[in-house]
Amino acid sequence: MTNEDLAKSFPVTFEDWENRARTILPVSSFDYITGGAGSEETMRANRTVFLRWHIQPRVLSDVSKRDLTVTLFGRTFPAPFLLAPLGIQGVTHPEAELGSARAASRLGIPFILSTVASRTIEQVAYVMGGAPRWFQLFWPTDNDVMVSLVRRAEKAGYSAIVLTVDTAAGFGWRPRSIRNHFYPFLFGEGMANFISDPVFRSKLKQPPEKDMYAAIMQFLKIIWNPALSWENLTFLRKLTKLPILLKGILNPNDAELALQLGMDGIVVSNHGGRQLDGEIAALEALPMICDCIQGRIPVLMDSGIRGGADVLKTIALGATAVLIGRPYIYGLAVAGEKGVHQVIRNLIADIDISLANTGRKSIAEIDRSLLVQAQIGNKI
Ligand SMILES: Cc1cc2nc3c(=O)[nH]c(=O)nc-3n(C[C@H](O)[C@H](O)[C@H](O)COP(=O)(O)O)c2cc1C
Ligand SMILES: O=C(O)C(=O)c1ccccc1
C-alpha cells in the first residue's frame, strides 16, 4: 500500500480514530487512554460544555487569505494547537514518543514531552531537530532529580517548562485501570527519563540494568509529591530562564497566584477528566480565569478539544491556544507517526475551513463576538 492509499483509508473523525484504536490496542491500554476518573462525569462534561456555546458567523468578508498562526513566548507556530504531554506512549505503539514528535515536527506543531515518557528527553530532541518542543515536568520529591530533568531539557533545546500541578497528589481514581490491574510503572514503563538520568542513577545501590526492581521502587517513591506547594515555585523560577506554564489550573485564585509568582503561562485543564470526577469542565473554568488574568500572560486550555469548531470556541472564550491529547494518541495507536501526522493535518484543515466559515481571516480576529449562548442543544 502506498502512503497515499494508506491516507485514504485513515479514519476521519475523533470517534472514527477512537473506534479504530479500540480494535488495535489491548483492552487495558485502550481503557487507560480513553478512561477518566470516577464515573467519568467530568470527562463527559468536557464535551457537553461546548454545546452551551454556538458560533454566530459573519458572511461576505473576503476570507480568501487566512492566517492560522499564533505567537507564544516570542515564537510563531503554524496553528493554534500543541500536542499535550501524554506519558508512556510505548504502551500505544512501538514508535512511542518518537512517532508523535516526528509527526509534530514535520508540520511545525509544538510537541510537549512528558516526564514519564517511554523515550528520553535527548532521544526525542534528536528526532525533532530544530522543531519546537516543550518539556512537561512532574516535580519529583527528590529535588536533585528535578533539577537534573530541567537542565537536560534546557540543554536539549526544549523551549518551555510545563509544570503539571493537578497530579502532584497522585493519580485520580480510575476504575477502568483498577479493574484491569493496569499499573504500567510496575513493569518499568514511563521510566526512560529516570533510568537515563545520572542523578537518579547515582542514588541507586545498583544500576537499573542490574536491579530494575529497586529502580522501579525508587521511582515510585519519588514520582508523587503531595507536599508540593506554592512556595516551591520560587525555587523553579530561579532555576530556569525558560518560560514556565502551570498545567491543571481551574480556579482564578490559583491563576492569580501563578501570575504573582512569576509564571509565564497557564494551562486551564482538568487533565482530560482523569483526575477528579465532578470537577468543573475546562471550558467552563476558562472565562473566569481569563477575566482574572486580563491578558497579562497567555492562557492555554485542554480537555475535550476534538475539532476545529472546538478550537475556535475556546479561543473566542479567551485562550491563546489549545492542547490536544487523546485525538493524537489514537492516531499513534492506529498508524504511528503517519497516524499522528494525519490527525494533525486534518485538524489544521478543519480549523482553516471553519475559521473561513465564521467570516474571520485570522486567529487574532477571534473574540467573544464569535459566540452566543446556546438557547437549545444543552443535551448530548
Ligand atoms: C493517556 C494519557 C496520558 C497522559 N499523561 C500525561 C502526562 O504524562 N503529563 C501530563 O501533564 N498530562 C498527561 N495527560 C493529560 C493530557 O496532557 C491532557 O491534559 C489531556 O489529555 C487533555 O484532554 P483530551 O485528552 O480530552 O484532549 C495524559 C492524558 C492521557 C489521555
Ligand atoms: O495518565 C495520566 O493522566 C498521566 O498523567 C500519567 C501520569 C504518569 C504516567 C503516565 C501518565
Side-chain angles (χ1 to χ4, degrees), residues 14 17-18 21 25 28-37 40 42-50 81-93 96-97 100 111-119 134-140 149 161-174 176-177 182-194 216 219-220 222-225 245-250 266-276 279 281-283 300-307 310-311 314 322-333 343 347:
F14 174 78
W17 285 101
E18 186 174 66
L25 291 172
S28 61
S29 307
F30 178 79
D31 272 356
Y32 162 68
I33 292 168
T34 203
E40 302 183 341
T42 292
M43 196 173 91
R44 277 189 289 277
N46 282 339
R47 292 296 307 142
T48 47
V49 67
F50 279 94
F81 68 94
L82 302 85
L83 301 195
L86 305 184
I88 58 170
Q89 297 192 12
V91 304
T92 311
H93 190 277
E97 284 80 3
S100 306
F111 177 69
I112 312 179
L113 179 71
S114 168
T115 291
V116 290
S118 304
R119 299 289 180 271
W134 296 358
F135 180 67
Q136 177 267 324
L137 179 66
F138 285 129
W139 189 322
L149 291 170
I161 300 291
V162 179
L163 175 67
T164 298
V165 290
D166 60 5
T167 49
F171 260 170
W173 182 256
R174 301 180 187 171
R176 295 200 212 204
S177 288
F182 186 74
Y183 306 115
F185 290 160
L186 292 181
F187 47 91
E189 195 57 68
M191 283 179 61
N193 282 325
F194 293 81
I216 293 172
F219 170 75
L220 287 174
I222 64 169
I223 192 66
W224 308 120
N225 192 350
L245 298 94
L246 295 193
K247 173 171 178 282
I249 297 291
L250 292 169
I266 280 169
V267 185
V268 175
S269 167
N270 58 29
H271 213 94
R274 295 161 72 81
Q275 282 302 102
L276 174 61
E279 73 184 346
L283 194 76
L300 282 62
M301 193 201 90
D302 75 24
S303 301
I305 306 275
R306 300 294 175 255
D310 301 336
V311 176
T314 307
V322 305
L323 277 51
I324 56 163
R326 292 180 186 89
Y328 87 86
I329 205 71
Y330 290 139
L332 185 72
V343 167
L347 184 55

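These numbers were taken from a predicted model, which means no experiment stands behind them. Whatever order the structure lists ligands and atoms in, that order sets their numbers, starting from 1.
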Can you check whether [X] has an N/O within less than 3.5 Å of an N/O in ligand 1?
| X | value |
| --- | --- |
| Ile305 | no |
| Thr164 | yes |
| Ala84 | no |
| Gly325 | yes |

Answer yes or no: is there a side-chain heavy-atom contact under 4.5 Å between [X] and [Y]?
| X | Y | result |
| --- | --- | --- |
| Arg326 | Trp17 | no |
| Leu82 | Leu300 | yes |
| Leu149 | Asn193 | yes |

Quiz item: Of all the heavy atoms in Ile33, does at least one lie under 4.0 Å from an atom in ligand 1?
Solution: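 Yes.
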Exercise. Could you tell me if any non-hydrogen atom of Arg306 lies under 4.0 Å from any atom of ligand 1?
Key: yes
Quick test: of every protein heavy atom, which one is nearest to [atom], and how far off is it to 0.1 Å?
| atom | answer |
| --- | --- |
| atom 5 (N) of ligand 1 | Gly87 N, 3.0 Å |
| atom 20 (C) of ligand 1 | Gly272 N, 3.8 Å |
| atom 8 (O) of ligand 1 | Ser114 OG, 2.7 Å |
| atom 19 (O) of ligand 1 | Asp302 OD2, 2.7 Å |
| atom 17 (O) of ligand 1 | Pro85 O, 2.8 Å |

Quiz item: Which bit of Gln136 gets closer than 4.0 Å to ligand 2, counting heavy atoms only: side chain, backbone, both or neither?
Solution: neither
Between the side chain of [X] and the main-chain N/O of [Y], is any donor-acceptor distance below 3.5 Å?
| X | Y | result |
| --- | --- | --- |
| Ser303 | Asn270 | yes |
| Arg47 | Gly304 | yes |
| Glu97 | Gln89 | yes |
| Asn46 | Ala282 | yes |
| Glu40 | Gly36 | yes |
| Asp31 | Ser28 | no |
| Arg174 | Arg274 | yes |
| Gln275 | Asp166 | yes |
| Thr115 | Gln136 | yes |

Considering only heavy atoms, which of [options] lies nearest to [atom]?
| atom | options | value |
| --- | --- | --- |
| atom 31 (C) of ligand 1 | Arg274, Lys247, Arg47 | Arg274 |
| atom 14 (N) of ligand 1 | Gln136, Gln89, His271 | His271 |
| atom 28 (C) of ligand 1 | Leu86, Thr34, Asp166 | Leu86 |

Quiz item: Judging by distance only, is a nitrogen or oxygen of His271 under 3.5 angstrom from one on ligand 2?
Solution: yes
Quiz item: Between Arg174 and ligand 2, does any nitrogen or oxygen pair lie at a separation below 3.5 Å?
Solution: yes
Taking 4.0 angstrom as the limit and counting only heavy atoms of [X], give me the atoms of ligand 2 inside it, by number and element.
| X | value |
| --- | --- |
| Phe185 | 8 (C), 9 (C) |
| Arg274 | 1 (O), 2 (C), 3 (O) |
| Tyr32 | 1 (O), 2 (C), 6 (C), 10 (C), 11 (C) |
| Phe171 | 1 (O), 2 (C), 4 (C), 6 (C), 7 (C), 8 (C) |
| Val116 | 8 (C), 9 (C), 10 (C) |

Would you mind listing which atoms of ligand 1 come within a distance below 4.0 Å of any non-hydrogen atom of [X]?
| X | value |
| --- | --- |
| Val116 | 8 (O) |
| Ser269 | 19 (O) |
| Tyr32 | 1 (C), 3 (C) |

Practice problem: Can you see which heavy atom on Ala21 is nearest to which on Phe30, and at what distance? | Solution: C-CD1, 4.2 Å
Quiz item: Does Gln275 come within less than 4.0 Å of ligand 2, judged by its heavy atoms?
Solution: no
Quiz item: Mind checking whether Phe185 and Phe171 have parallel, tilted or perpendicular rings, split at 30° and 60°?
Solution: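 Geometry flag for Phe171 against Phe185: parallel rings.
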Quiz item: Stepwise, does the side chain to side chain contact (heavy atoms under 4.5 Å, CB included) test hold for Leu323 with Ile305?
Solution: CA-CA 8 Å; Leu323 277 51; Ile305 306 275; over 6 Å; no
